[in-house]
Amino acid sequence: MQACQLLSVLELLHILTGVEQQLLLPKFFQVTERLVILFLVITSQEEVQSKCIVCLLFFLWNLWDVIRYPYLLLSAVGIDYSTMTWLNHTLWIPVQPLSLLAEVYTVYESLPYFETRGTFCYTMSLPFAVSIYFPYILKVYLVILPAGVLYTCSQLYSERKLYLKQQKLKVK
């Protein structure tokens with residue numbers, strides 16, 4: 001799973017180089033949230049890795065990707081497969097909110113482990129003492145995460161409206 005999520009960074013490069021015709025910011029939010037959840041929250045705490053919510057989270061991420069990546073591949077080579085296109089523009093509606101809930105619950109479940117072990121908590125001696133308490137950072141992240149998902153969903157909704165409008169014109 002770690003290798004697959006690291007490879008998802010290539011999506012950002014594809015957008016920057018013009019291989020994919022998508023907006024950078026929503027994709028950046030999606031890739032970043034997955035990397036933060038996977039590497040900082042799940043991988044760093046072994047107890048969290050065995051939780052059922054992690055399995056559900058991986059299932060939801062991959063359910064969306066199993067449709068999205070073939071759709072992007074077919075689009076890049078100029079093939080329009082209507083079922084795949086419809087699924088790409090529709091499947092995100094239940095998957096994105098469920099993924100958000102699973103991500104929030106995963107972070108919530110991991111907080112006690114970060115608090116008891118002090119993982120990623122540091123004190124630096126500069127001209128003044130600076131303490132970084134990672135559970136506080138995760139709590140702030142829990143507040144910011146829905147905003148990023150909402151922005152991504154609004155972009156996906158705009159793409160879906162455009163797709164449905166084009167389909168309606170084709171029928172006429």
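For this chain, numbers begin at 1 and follow the sequence in order.
Separating the OH atom in Tyr108 from the CG atom in Leu142 is a distance of 10.5 Å, to the nearest 0.5 Å.
Between Val31 and Lys27 there is a side-chain heavy-atom pair separated by less than 4.5 Å. For the pair Val41 and Tyr113, the minimum side-chain heavy-atom distance is 4.5 Å or more.
Taken together through direct or relayed side-chain contacts under 4.5 Å among Ile, Leu, Val, Met, Phe, Trp and Tyr, Val36 and Leu25 form part of one hydrophobic cluster. Residues Val66 and Leu74 are members of separate hydrophobic clusters, defined by side-chain heavy-atom contacts under 4.5 angstrom among Ile, Leu, Val, Met, Phe, Trp and Tyr.
Salt-bridge formation is detected for the pair Arg117/Glu47: a Lys NZ or Arg NE/NH1/NH2 atom is positioned less than 4.0 Å from an Asp or Glu carboxylate oxygen. A salt bridge links Glu115 with Lys139: at least one charged nitrogen is closer than 4.0 Å to a carboxylate oxygen.
Using modelled atom types, no side-chain atom of Thr32 and backbone atom of Phe29 make a donor-acceptor pair closer than 3.5 Å. No side-chain donor-acceptor contact under 3.5 Å links Ser75 to the backbone of Leu72. Side-chain atoms of Asn88 never come within 3.5 Å of backbone atoms of Met84 as a donor-acceptor pair (strictly under, hydrogens ignored).
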Side chain to side chain contact (heavy atoms under 4.5 Å, CB included) between Ser158 and Leu162, worked out: CA-CA 6 Å; Ser158 297; Leu162 181 63; over 6 Å; no
Side chain to side chain donor-acceptor pair (under 3.5 Å) between Thr43 and Gln49, intermediate numbers included: CA-CA 7 Å; Thr43 305; Gln49 295 171 16; 5.2 Å; no
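For Tyr105, the OH atom counts as loosely surrounded, since its 6.0 Å shell holds 12 or fewer non-hydrogen atoms of other residues, nucleotides or ligands. Atom CZ of Phe28 sits in a sparse spot, with 12 or fewer heavy atoms from other residues, nucleotides or ligands closer than 6.0 Å. For CZ of Phe59, the number of neighbouring non-hydrogen atoms (other residues, nucleotides, ligands) closer than 6.0 Å is 12 at most.
Residues meeting the side-chain hydrogen bond (donor to acceptor under 3.5 Å, both in side chains) test with Arg34, sequence neighbours left out: Asp65.
Each of Tyr133, Tyr141, Tyr136, Phe134 was checked for a ring-ring contact (aromatic ring centres under 6.0 Å, His included) with Phe114, and the lone residue meeting it is Phe134.
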